[in-house]
Amino acid sequence: MLSKCSILILLGYMLGLAVVPSVVQFLGMLFMPESPRWLVIKNKGDKARRILQTIRGQLDVEEEFEGIHKSCMEDEIELQNKGRSAVFIQIFKTPAVARALLVGCGLQMTQQLVGINTVMYYTAIIIRMSGVKGDRTTIWLSAFAAGVKCLFTFLGLFLVEKIGRRLLTLGSLIGVIISLILLAVGFQLTSLQSYPLSPTHYVDGNNSTNCSQYSTCYNCIMDISCGACYTQPQNYIPVNISCLPTLYNNPLHSTIGQCKSKSSIDSVGLVWAYDFCPTKYAWVPMTGLILYLVFFAPGMGPMPWTINSEIYPLWARSTGNAVATFVNWTLNLLISISFLRLTENITPFGTFWLYAAFGMLGYIFLYFLLPETRGKSLEDIDGLFAQPLHHTMESPISSYYQKSVQYVHIRGLNRDAIESDPDSP
């Protein structure tokens with residue numbers, strides 16, 4: 001058993017490790033150039049041109065620079081024509097921008113309503129609820145799950161320009177929904193196939209507590225004032241399971257019965273389970289958890305932020321991103337603080353069925369309203385949300401094979417070339 005001082009030292013190391021990625025990000029941002037558009041707005045055209053040349057890796061960027069300059073001037077004139085009212089009000093007076101804000105907020109809402117931060121914050125608790133016993137095993141599985149999410153985030157970097165934002169987002173969301181259903185089914189199997197309590201579990205005065213009402217291990221641990229005490233499994237099948245009362249603020253042992261002290265638990269080889277039940281279906285929710293992170297990381301993780309950075313005109317970009325970010329963190333808070341209460345009131349499997357339902361609603365919303373922004377300049381995207389819905393609903397797979405325009409540098413000139421036209425010079 002670790003002393004209080006040792007625990008505090010370990011917590012210090014754990015929190016101190018968070019400094020490492022922060023320092024790496026800070027050093028990286030020192031080398032990040034200013035946005036050419038921001039520099040044009042601030043009348044620093046020469047510096048904007050130099051940075052654009054560095055980003056593109058070529059000297060001839062005049063056509064793109066002129067397009068940026070023209071777009072910035074048009075936005076400035078448009079904002080002046082709209083008057084002096086707040087940008088937030090102007091957004092709702094401009095239907096196309098209001099629709100873009102709706103999509104941006106919808107993306108952030110869907111990201112949070114499928115429970116990603118619940119899964120990340122409560123990974124260890126979810127693993128324990130699935131039936132995993134050992135603390136060490138739980139910690140390693142939690143680390144593995146976090147590593148999976150980190151690894152598959154890099155897959156998103158490769159896919160985003162290959163298949164487009166829309167297809168990556170919708171495909172990721174489908175996978176997330178299937179994974180949530182698998183999580184829900186896994187916990188439901190754990191509930192329905194839970195081991196029954198021993199007929200003698202009412203001894204030691206246990207019949208005077210609520211714990212005497214339950215007939216299965218799962219029902220017992222779902223009551224925060226009870227826990228299951230059983231003999232070490234023989235062939236992974238627990239025997240002599242008793243449901244005993246415990247204290248909410250100290251659930252590490254029962255208040256009566258064989259598991260009433262840590263020493264008695266260790267001396268006779270008992271297991272005290274106040275937050276899990278042994279089950280042969282533990283692999284089902286664990287598989288759902290890993291698949292959830294595999295599907296979420298490349299799409300629903302980065303895409304709401306990527307798309308929000310692209311869909312607003314310059315005059316509304318900072319406000320639009322601020323509103324969408326506010327929606328994201330507000331729902332993050334609500335989903336996170338409600339998770340444990342939901343698992344108590346509607347059970348763990350009910351909670352994940354709820355998240356899956358939110359995901360389905362989000363998919364319907366995004367299928368009809370989310371356009372493809374891959375391959376479009378920021379100037380082109382300005383008018384994207386003024387199009388009818390049937391343009392938005394265009395198949396993302398077919399749009400992947402559409403002709404795209406690129407600029408080929410030939411003898412000092414930029415000439416339009418079509419990728420799929422073999423006769424283009």
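Position 1 is the first residue of the sequence, and the numbers go up from there. Being a predicted model, the structure only gives us computed values, none of them experimental.
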- Message: One pair to check against side-chain contact (heavy atoms from CB on, under 4.5 Å): Tyr363 and Leu170. What are the steps and the verdict?
- Response: CA-CA 7 Å; Tyr363 181 87; Leu170 295 178; 3.8 Å; yes
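- Here the rule is side-chain contact (heavy atoms from CB on, under 4.5 Å) with Tyr274, and of Leu252, Asp223, Ile221 only Leu252 fits it.
- Scanning both residues, Tyr121 and Ser336, for their nearest heavy atoms gives CE1-OG, 3.1 Å.
- A pairwise comparison of heavy atoms in Glu64 and Leu52 identifies OE2-CD1, 3.9 Å as the closest pair.
- Remark: Cys217 SG to Cys243 SG, distance not under 2.5 Å.
- For the pair Leu180 and Phe358, the minimum side-chain heavy-atom distance is 4.5 Å or more.
- Asn332 contributes no side-chain N or O that, together with a main-chain N or O of Asn328, makes up a donor-acceptor pair within less than 3.5 Å.
- Between Thr246 and Asn250, the closest heavy-atom pair is OG1-O, 3.6 Å.
- Side-chain N or O atoms of Gln108 include none that pairs as donor or acceptor with a backbone N or O of Thr325 at under 3.5 Å.
- Judged by distance alone, the side chain of Asn345 and the main-chain N or O of Arg341 form a donor-acceptor pair under 3.5 Å.
- Atom CG of Leu168 and atom CG of Leu173 lie 11.0 Å apart (nearest 0.5 Å).
- Side chains of Met129 and Asp275 form no contact here, defined as non-hydrogen atoms less than 4.5 Å apart.
- The shortest distance between side-chain heavy atoms of Pro36 and Ile55 falls below 4.5 Å.
- Put simply, the side chain of Thr110 reaches to within 4.5 Å of the side chain of Met300, judged on heavy atoms.
- Aromatic ring pairs are classed by plane angle as parallel below 30°, tilted from 30° to 60° and perpendicular above 60°; the pair Phe352 and Phe339 is perpendicular.
- Residues Thr169 and Tyr367 have side chains not in contact (no heavy-atom distance under 4.5 Å, counting atoms from C-beta outward).
- Interatomic distance, CG of Leu141 versus CZ of Arg128, reported as 11.5 Å (0.5 Å rounding).
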- Task: Quick one: do Leu340 and Tyr122 satisfy side-chain contact (heavy atoms from CB on, under 4.5 Å)? Show the steps, please.
- Result: CA-CA 9 Å; Leu340 295 179; Tyr122 298 106; 4.0 Å; yes
- Item | Stepwise disulfide bond (SG atoms under 2.5 Å apart) check, Cys211 with Cys220 | CA-CA 7 Å; Cys211 303; Cys220 174; 5.7 Å; no
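- No side-chain heavy atom of Met303 sits less than 4.5 Å from a side-chain heavy atom of Leu107.
- One finds the CG atom of Leu59 at 11.5 Å from the CZ atom of Arg49 (value rounded to the nearest 0.5 Å).
- Side-chain atoms of Asn308 come within 3.5 Å of backbone N or O of Pro304 as a donor-acceptor pair.
- Around the CH2 atom of Trp38, the shell of radius 6.0 Å holds more than 12 heavy atoms that belong to other residues, nucleotides or ligands.
- Contact detail for Arg165 and Glu372: the closest heavy-atom pair is N-OE2, 3.0 Å.
- Rounded to the nearest 0.5 angstrom, Phe158 CZ and Ile163 CD1 are separated by 9.5 Å.
- Of the possible polar contacts, none joining the Gln112 side chain to the Trp329 backbone as a donor-acceptor pair under 3.5 Å is found.
- In terms of modelled atom types and a separation under 3.5 Å, the side chain of Thr347 and the main chain of Thr343 share no donor-acceptor contact.
- Between Thr138 and Phe276 there is no side-chain heavy-atom pair separated by less than 4.5 Å.
- Under the 2.5 Å SG-SG cutoff, Cys229 and Cys259 qualify as a close cysteine pair.
- Counting only distance, with no hydrogens or angles, the side chain of Thr319 and the backbone of Ala316 share no donor-acceptor pair below 3.5 Å.
- Minimum interatomic distance between Leu101 and Phe92 (heavy atoms only, all atoms of both residues): CD2-CZ, 3.9 Å.
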- Verify side-chain contact (heavy atoms from CB on, under 4.5 Å) between Asn219 and Ser194, making sure each step is shown before the conclusion. CA-CA 8 Å; Asn219 292 334; Ser194 179; over 6 Å; no
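- Remark: the backbone N or O of Leu244 is not paired with any side-chain donor or acceptor of Ser242 at under 3.5 angstrom.
- In this structure, the side chain of Ser191 does not engage the main chain of Phe187 through any donor-acceptor pair within 3.5 Å.
- In plain terms, the two heavy atoms of Pro278 and Pro238 that are nearest each other are CG-CG, 3.5 Å.
- Looking at Tyr218, its side chain never comes within 3.5 Å of a backbone N or O of Gln188 through a donor-acceptor pair.
- Between Ile335 and Asn117 there is no side-chain heavy-atom pair separated by less than 4.5 Å.
- Within the model, atoms CZ of Phe152 and OG of Ser172 stand 12.0 Å from one another, a figure rounded to the nearest 0.5 Å.
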- Walk me through it: do Trp305 and Gln111 pass the test side-chain contact (heavy atoms from CB on, under 4.5 Å)? CA-CA 10 Å; Trp305 303 102; Gln111 183 194 70; 3.6 Å; yes
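- With respect to Thr287, the side-chain contact (heavy atoms from CB on, under 4.5 Å) criterion is satisfied by exactly one of Leu291, Val284, Ile290, Leu289: Leu291.
- Separating the CD1 atom in Ile116 from the CZ atom in Phe296 is a distance of 4.0 Å, to the nearest 0.5 Å.
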